[in-house]
Amino acid sequence: MNIMVVGGGAREHAICDAIVRSKNVNLFSVMNNLNPGIKQMSEDFLQEKETNVEQVVNFAKEKNIEIVIVGPEAPLEAGLVNLLNENGIKACSPTKEAARIETDKEWMRNLLKKYNIPGQLRCETFTDSAKAKKYIEKQDCEVAIKPIGLTGGKGVKIYGDHFKNIDEAMEYVTEVIDNKIGGQSKVLVEEKAIGEEFTLQAFSDGNTILPLHAVQDHKRLLPGDSGPNTGGMGSYSCGNGLLPFLSKSEYEEGAGILQKIIEALNKEGCKYIGPIYGQFMITVDGPKIIEINARFGDPEAMNVLPLLETDFVEICTGMLDGTLSSKKIKIKNKSTVCKYVVPEGYGVKSMVGEKIVVDEDAIKNTGSELFYASVNKQNDFVHTTSSRSLAVVGIADDLANAENICEKALNYVKGDHIFIRHDIGTPELIEKRVTHMNKLRGM
Ligand code: AMP
Ligand code: GLY
């Protein structure tokens, strides 16, 4: 079977890795940068901007592709899946209409309201900054300010983290409205949720979801959760599928919310096929929905895909045939710690074109996985671009060992201008999260 993956990041490298573990598949890929890991696994590839949907579809037709998996959100918004379907090619990713669950935050919040889905936050959208001001003042500034559309995970500003008073809040509100950040002269103001975050990813066939292990991502650039928001600096997961501060019932509430969203999308006439991603804040009132993504998370895909024992391509056909309810998904009960290597200056001004030396064999020998991201390879060396460079994932029976293995592997990644958040997955940071949650719960 010919399968094609769209996207050139570490998430897509992890998807490709899951595909080639299956038998009798030929992998093809489309990517903007030359990801050396994906290139090596692919029978053939097209180097092209992933949002140039006509070129991507032409390549798929030329290569007789049967199933396409789209990694990033931008090609979904550009209608790649719609055009593939029009050309008789199936995709384990949502159409442009179903992907609005991620690409239009106002639409997503309205859908939650319409179908009375649990885990909602108080929120409103504004095109008029004076009205936004009144609303924010009424909430004592305890809000999150968000553009409506896609901003690569970097458009959200939160009270206490990014602004401290109404004047600073209004500066951002005005910036979003005036500069149409996220594509519209409109801003979403949400209640600020307080607690600990977790990600829940699941496969969906449009009717049924099969959830994977919960993961915690680290959005902030610097150790101790400071600095600007990034696409994600690393993440961890535990062998039992939960997190040290997440109970089974909270996990199940999260999964229940994703199931209800799939059903609501169905009723709206946009059946959702593909991986779906829920980001939740566990608060004292239970899990609240922070965002829903129409794809795997990056880095969270790297925590869950290496643990799949069930054949990934079989899951893909289950998503397409609508037979997920008859499948049982097998996941290794291992813990994982993923840390990203990024160029120095990432999040502010990345150092581009810097050399990184990677000893792939030594990394494998530690028991870790290596996933390349936005790098280019020339003459045996990889070079940084402005985005994240590569991810290393330690896999072990428990979290402490997974973190240890990940750090061992990172010794085999060398560069004069790279940066890593070494605190991700360490016992100290995890203890801090547990203490935070216990304090909120009055324990
Ligand atoms: P997003 O781009 O929507 O993932 O938001 C980036 C980060 O901002 C999230 O990972 C959260 O940590 C934080 N965030 C977003 N919305 C809220 C909210 N309503 N309350 C508290 N934190 C939020
Ligand atoms: N890790 C956050 C995201 O993939 O959006």
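Note that ligands are numbered from 1 as they come in the structure, with each ligand's atoms numbered from 1 the same way.
In this structure, of N229, I290, T151, N293, the residue bringing a heavy atom nearest to atom 17 (C) of ligand 1 is I290. Atom 13 (C) of ligand 1 has its nearest heavy-atom neighbour, among T230, V143, I158, in I158. Selection from C123, A193, G195, A144 by nearest heavy atom to atom 21 (C) of ligand 1 gives A193. Looking at R295, E73, E291 and measuring to atom 5 (O) of ligand 2, the nearest heavy atom belongs to R295.
In the vicinity of M281, heavy-atom distances shorter than 4.0 Å reach the ligand 1 atoms 21 (C), 22 (N). Per-residue contacts place P299 under 4.0 angstrom from the following atoms of ligand 2 (heavy atoms of the residue considered): 1 (N). Those atoms of ligand 2 with a heavy atom of G297 less than 4.0 angstrom away are 4 (O). The contact set between ligand 2 and G231, taken as ligand atoms under 4.0 Å from a residue heavy atom, comprises 1 (N), 2 (C). Of all atoms in ligand 1, numbered sequentially from 1 with element shown, those under 4.0 Å from a heavy atom of Q279 are 4 (O), 9 (C), 10 (O). With ligand atoms numbered from 1 in the order given, ligand 2 contributes 1 (N), 2 (C) to contacts under 4.0 Å with heavy atoms of D217. Annotation for ligand 1: atoms under 4.0 Å from non-hydrogen atoms of K146 are 3 (O), 15 (C), 16 (N). In the vicinity of L121, heavy-atom distances shorter than 4.0 Å reach the ligand 1 atoms 19 (N). Near Y277, with a cut-off below 4.0 Å to any heavy atom, the atoms of ligand 2 are 1 (N), 2 (C), 3 (C).
Taking a cutoff of 4.0 Å between a charged side-chain nitrogen and a carboxylate oxygen, E268 and K114 qualify as a salt bridge.
Ligand 2 has no nitrogen or oxygen under 3.5 angstrom from a nitrogen or oxygen of K219. The N/O atoms of R11, backbone and side chain alike, include none that comes under 3.5 Å of an N/O atom in ligand 2. For the pair E190 and ligand 1, the shortest N or O to N or O distance falls below 3.5 Å.
F203 and F296 have perpendicular rings, their planes meeting at more than 60° on a 0 to 90° scale where under 30° would count as parallel. Note: Y236 and H218 have tilted aromatic rings, judged against thresholds of 30 and 60 degrees for the angle between ring planes.
The shortest contact between atom 4 (O) of ligand 1 and any protein heavy atom is with E291 OE2, 2.7 Å. Scanning the protein heavy atoms around atom 5 (O) of ligand 1, the nearest turns out to be V156 CG2, 3.4 Å. Among protein heavy atoms, the minimum distance from atom 9 (C) of ligand 1 is reached at E197 OE2, 3.4 Å.
Of the possible donor and acceptor atoms, one in the side chain of Q201 sits under 3.5 Å from a partner among the backbone N and O of E300. Looking at E354, its side chain never comes within 3.5 Å of a backbone N or O of H417 through a donor-acceptor pair. Under the 3.5 Å distance criterion, the side-chain polar atoms of N33 are matched with a main-chain donor or acceptor of A373. At least one donor-acceptor pair closer than 3.5 Å links the side chain of S335 to the backbone N or O of G239. Side-chain atoms of E250 never come within 3.5 Å of backbone atoms of P287 as a donor-acceptor pair (strictly under, hydrogens ignored). A donor-acceptor pair is defined here as one N or O able to donate and one able to accept, closer than 3.5 Å; such a pair exists between the side chain of N376 and the backbone of L34. Of the possible donor and acceptor atoms, one in the side chain of R388 sits under 3.5 Å from a partner among the backbone N and O of G232.
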Review point. Would Y277 and D298 satisfy side chain to side chain donor-acceptor pair (under 3.5 Å), going step by step from the backbone distance to the final call?
Key: CA-CA 10 Å; Y277 167 117; D298 188 351; over 6 Å; no
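Within the 4.0 Å heavy-atom criterion, the part of N293 lying near ligand 2 is the side chain and not the backbone.
Heavy atoms of E191 come nearer than 4.0 angstrom to ligand 1 in at least one pair. Contact between G232 and ligand 2 is absent, with no heavy atom of the residue lying under 4.0 Å from the ligand.
Note that K131 lies outside the cation-pi zone of F126, set by a 6.0 Å cut-off to the ring centre and a 45° limit from the axis.
The side-chain heavy atoms of I15 and R11, taken from C-beta on, include a pair separated by under 4.5 Å.
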